[in-house]
Amino acid sequence: MEDLVAILVPLGCGMVLPLGIVWIIVKRKMAEDMSRKEIILSALEKNPNVDLEELMLKLNPPKKLLKEKLLNKLLWGMLFFFAGIGLIVIAIVAAVCSMWTSDPCVMTGTWGVILLAIGMGLLANYKVGRKMLDEEMDAELKNLQKK
């Protein structure tokens, strides 16, 4: 019995849980699409002269601008970067002052390096994205100012 539990628990966590999450997300998206479709159909039934383009703009939430997406990456990059540096400093101070044994210091330092690497990756993504998407952001801004 213990062998069966030892096999089923990792399978449940590794396969069933992710599939369940994906299924829930897909069902939610389908429900949103169906509700949008019903709203449009009912609006057309009540008033056949309704402007569909305007109605669709009101129903669909506005997408984030490129600049907002890049600034979000900058925000999270800085957060992870400084959290990683903080954990590394805590691990070094704890090791030097002999406050902990070596295991917690190593784990704290490892998590610090992981967070630092994630932060550096997001900051590099921000920098490269900003250089590449500069023209698109300007065009998007001009497009918004026209509206």
Side-chain angles (χ1 to χ4, degrees), residues 1-43 51-147:
M1 185 67 182
E2 290 177 18
D3 293 337
L4 184 63
V5 171
I7 293 172
L8 289 179
V9 169
L11 278 177
C13 292
M15 292 180 63
V16 176
L17 187 63
L19 288 174
I21 291 170
V22 169
W23 181 76
I24 289 170
I25 291 171
V26 168
K27 290 292 273 185
R28 186 184 58 131
K29 287 275 193 189
M30 288 174 59
E32 287 175 2
D33 289 343
M34 289 297 292
S35 66
R36 251 189 229 116
K37 186 172 121 180
E38 288 173 8
I39 291 171
I40 292 171
L41 287 175
S42 65
D51 186 17
L52 284 179
E53 189 173 326
E54 185 179 324
L55 182 63
M56 288 298 289
L57 285 174
K58 288 181 182 177
L59 285 178
N60 292 333
K63 292 182 180 179
K64 281 189 175 180
L65 300 175
L66 290 173
K67 192 170 190 175
E68 288 176 337
K69 289 178 184 178
L70 282 176
L71 288 176
N72 199 22
K73 286 180 184 176
L74 177 65
L75 169 78
W76 284 103
M78 294 297 284
L79 183 81
F80 278 113
F81 184 80
F82 287 118
I85 288 176
L87 284 178
I88 291 170
V89 167
I90 288 171
I92 291 172
V93 168
V96 169
C97 296
S98 300
M99 294 180 356
W100 294 335
T101 59
S102 66
D103 287 344
C105 289
V106 169
M107 285 302 295
T108 305
T110 303
W111 280 107
V113 169
I114 290 170
L115 290 178
L116 183 69
I118 292 171
M120 289 172 63
L122 285 169
L123 291 173
N125 190 325
Y126 166 76
K127 187 169 177 91
V128 170
R130 185 161 180 224
K131 283 183 182 177
M132 291 179 65
L133 299 174
D134 232 2
E135 294 174 9
E136 284 86 356
M137 286 189 303
D138 290 340
E140 200 173 58
L141 184 63
K142 289 177 184 175
N143 217 6
L144 279 176
Q145 289 175 349
K146 287 180 184 178
K147 292 180 181 180

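Heads up: numbering here begins at 1 and tracks the sequence. Basis for what follows: all heavy atoms, side chains included, without hydrogens, waters or symmetry-related copies.
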Interatomic distance, L87 atom CG to I92 atom CD1 [nearest 0.5 angstrom]: 11.0 Å
Rounded distance (nearest 0.5 Å) linking atom CG of L75 with atom CZ of F80: 10.0 Å
Donor-acceptor contact below 3.5 Å, side chain T108 vs main chain C105: no
Distance in Å, L70 CG paired with L122 CG, rounded so as to fall on 0.5 Å steps: 11.5 Å
Spacing of I39 atom CD1 and M34 atom CE [to the nearest 0.5 Å]: 12.0 Å
Heavy-atom pair of closest approach, residues L115 and A83: CD1-CB, 4.1 Å
From CD (E38) to CG (L41), nearest 0.5 Å: 8.0 Å
Identified side chain to side chain contact (heavy atoms under 4.5 Å, CB included) counterpart of V22 within the set V26, I25, L19: V26
From NZ (K127) to CZ (R130), nearest 0.5 Å: 8.5 Å
Close side-chain approach of L71 to L74, heavy-atom, < 4.5 Å: yes
